[in-house]
Colleague: 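Supplied in structure tokens, the structure appears directly below.
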Amino acid sequence: MKGFSFSKDILLGSATASVQIEGGDKNNNWYRWSERGKIANGESSIGGCDHWRLFKEDIELIKELKQETYRMSVEWARIEPVQGQFNKVAMDRYREEIQLLIDAGIIPLVTLHHFSEPIWFEDMGSWNNKKSPEIFEKFTEYVVENLKDLVEDWATINEPNVYLQGRSLEGNFPPGKTSTIDYFKGAGNLIKGHILAYKKIHEVIPKAKVGVVLHYAYFDSKDNKTGTRIAKKIVKRNFHEIFLKGMFEGKLLFPLGLFVKGVKLGDYCDYIGINYYSRHGVKSSRKISMLFTEIYVFENSKYNDLGWEIYPEGLSKGIEELYYQYRLPVWITENGTPDHKDKFRGKFIFDHLREVSKLLDKGIPIERYYHWSIMDNFEWDLGYSPRFGLVEIDYSSMERKIRKSGEFYREIIENNGVTQEMIEKYLKVESENENRR
Ligand code: IFM
């Protein structure tokens with residue numbers, strides 16, 4: 001194993017989302033979903049990592065880990081608990097948190113919608129409601145007006161594709177009513193919501209950098225049969241392309257135009273936001289519910305605690321595909337792995353950042369990398385057992401402890417890459433573990 005160093009400037013940091021770490025909010029739909037017993041092991045979002053109370057302590061950890069940038073989300077339900085009534089106290093608490101980051105020299109990137117939303121919004125049909133884009137625009141305006149002196153970098157919607165898959169296709173996200181039509185209706189409204197938010201942010205902060213964060217699943221197959229090729233096209237179209245075309249270009253692919261009006265062609269992203277975790281096999285199927293496609297996991301590979309394949313090459317393949325299409329700076333807004341024993345997270349970081357370094361050498365402008373996540377957190381319907389953190393949380397005491405992989409990532413940031421000594425110090429045992437898996 002050989003080290004590497006980044007040939008171009010890249011900001012390295014980590015990411016979180018409000019409901020996943022904050023705790024204490026009862027006005028968001030994930031709290032209600034928890035109360036309905038929909039989270040693994042009967043767990044609830046109400047505890048989170050107690051970050052709402054412990055944010056100062058957490059910023060000390062972020063500083064200690066030498067993070068250069070930090071991606072966080074603001075919770076819509078806290079800021080607008082009742083439609084049209086904004087909570088200044090909550091807004092000021094976010095200002096305080098962001099100010100502390102800035103004082104520490106850490107650049108904030110703020111996400112406006114990261115899966116969770118106010119209960120009142122869900123009860124009016126959420127993104128199925130044709131007024132949802134304008135409702136989201138009003139929330140955006142309030143937040144941006146209140147943070148305009150602090151925040152330049154924004155992500156409007158996190159993973160619209162995963163959000164809709166959970167909400168409208170699989171039903172593991174609230175409110176649990178599945179419908180293929182709602183998937184496309186929701187996609188249309190999310191696209192319009194993103195575009196309105198994009199314009200609003202630029203109106204208030206002309207020099208802002210605004211984008212959407214897409215979950216890029218690397219779709220692959222074992223054969224090249226016609227049926228497989230068609231299945232792959234269908235999956236890529238419905239999971240990636242409708243969002244790319246819509247949110248980057250204002251182009252509504254069929255059938256989105258049936259559900260949403262008033263979207264014009266234009267340029268609506270200032271960077272390519274990509275979240276990458278794994279590769280997914282695709283084959284054709286007879287099931288109409290899945291539009292004649294089936295997803296599987298490749299055998300004889302390496303897997304994380306949730307059984308997702310670890311496939312670093314998918315990150316570079318995805319970035320190349322999107323970069324040559326849009327020619328915008330790339331921000332890897334999430335990449336990480338659940339590894340409760342911290343046995344292979346260091347190697348995961350090494351392998352993925354080595355892909356990044358190869359792309360930088362090729363001249364692809366990857367400006368940022370955010371590790372998911374700075375700390376263990378509430379992994380939606382799966383609850384607290386998946387451990388994604390550079391920092392371990394003991395949920396009984398809320399004690400935080402930096403993992404060895406966290407120390408490794410800190411040294412990568414300090415050294416602008418990985419030295420041979422770091423490989424000896426952090427990765428030797430991991431490589432042996434990896435072979436035994
Ligand atoms: O925890 C999630 C995050 O909220 C969105 N992207 C994927 C992560 C890991 O599943």
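Numbering of ligands and ligand atoms starts at 1, following listing order. Only a predicted model underlies this, so the values are computations on that prediction, with no experimental measurement involved.
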Colleague: Decide whether a cation-pi geometry holds between R279 and W308; the criteria are a distance under 6.0 Å from NZ or CZ to the six-membered ring centre and an angle within 45° of the ring axis.
Modeller: no

Colleague: Distance to 0.1 Å, residue and atom name: give those for the protein heavy atom nearest to atom 8 (C) of ligand 1.
Modeller: Y277 OH, 3.4 Å

Colleague: Answer yes or no for K283 and Y296: cation-pi contact, defined as NZ/CZ to six-membered ring centre under 6.0 Å and angle to ring axis within 45°.
Modeller: yes

Colleague: Among protein heavy atoms, which lies nearest atom 1 (O) of ligand 1, and at what distance?
Modeller: E379 OE1, 2.6 Å

Colleague: Is ligand 1 under 4.0 Å from a heavy atom in the side chain of Y163, in the backbone, in both, or in neither?
Modeller: neither

Colleague: Hey, could you give me each pair passing salt bridge (charged side-chain N to carboxylate O under 4.0 Å, His left out) that has a residue in residues 158-184? Not counting sequence neighbours.
Modeller: K177-D182

Colleague: Ignoring angles and geometry beyond distance, decide whether Q20 reaches within less than 3.5 Å of ligand 1 through its nitrogen or oxygen atoms.
Modeller: yes

Colleague: On a heavy-atom basis, which atom in I201 and which in A208 lie closest, and how many Å separate them?
Modeller: CG2-CB, 3.8 Å

Colleague: Closest non-hydrogen protein atom to atom 5 (C) of ligand 1, residue and atom name please, with distance?
Modeller: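 Ranked first by proximity to atom 5 (C) of ligand 1 is E334 OE1, 3.2 Å.
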
Colleague: When you compare the side chains of K63 and Y70, does any donor N or O come within less than 3.5 Å of an acceptor on the partner?
Modeller: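 Result is no, nothing qualifies.
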
Colleague: May I ask you to list the atoms of ligand 1 that are less than 4.0 angstrom from any heavy atom of W308?
Modeller: 10 (O)

Colleague: Go through ligand 1 atom by atom and flag the ones less than 4.0 Å from a non-hydrogen atom of H114.
Modeller: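 Atoms satisfying the 4.0 Å criterion: 3 (C), 4 (O), 5 (C).
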
Colleague: Determine whether the side chains of E367 and W331 contain a donor N or O and an acceptor N or O closer than 3.5 Å.
Modeller: yes

Colleague: How does H215 reach ligand 1, by side chain, by backbone, by both or by neither, if only non-hydrogen atoms under 4.0 Å count?
Modeller: neither

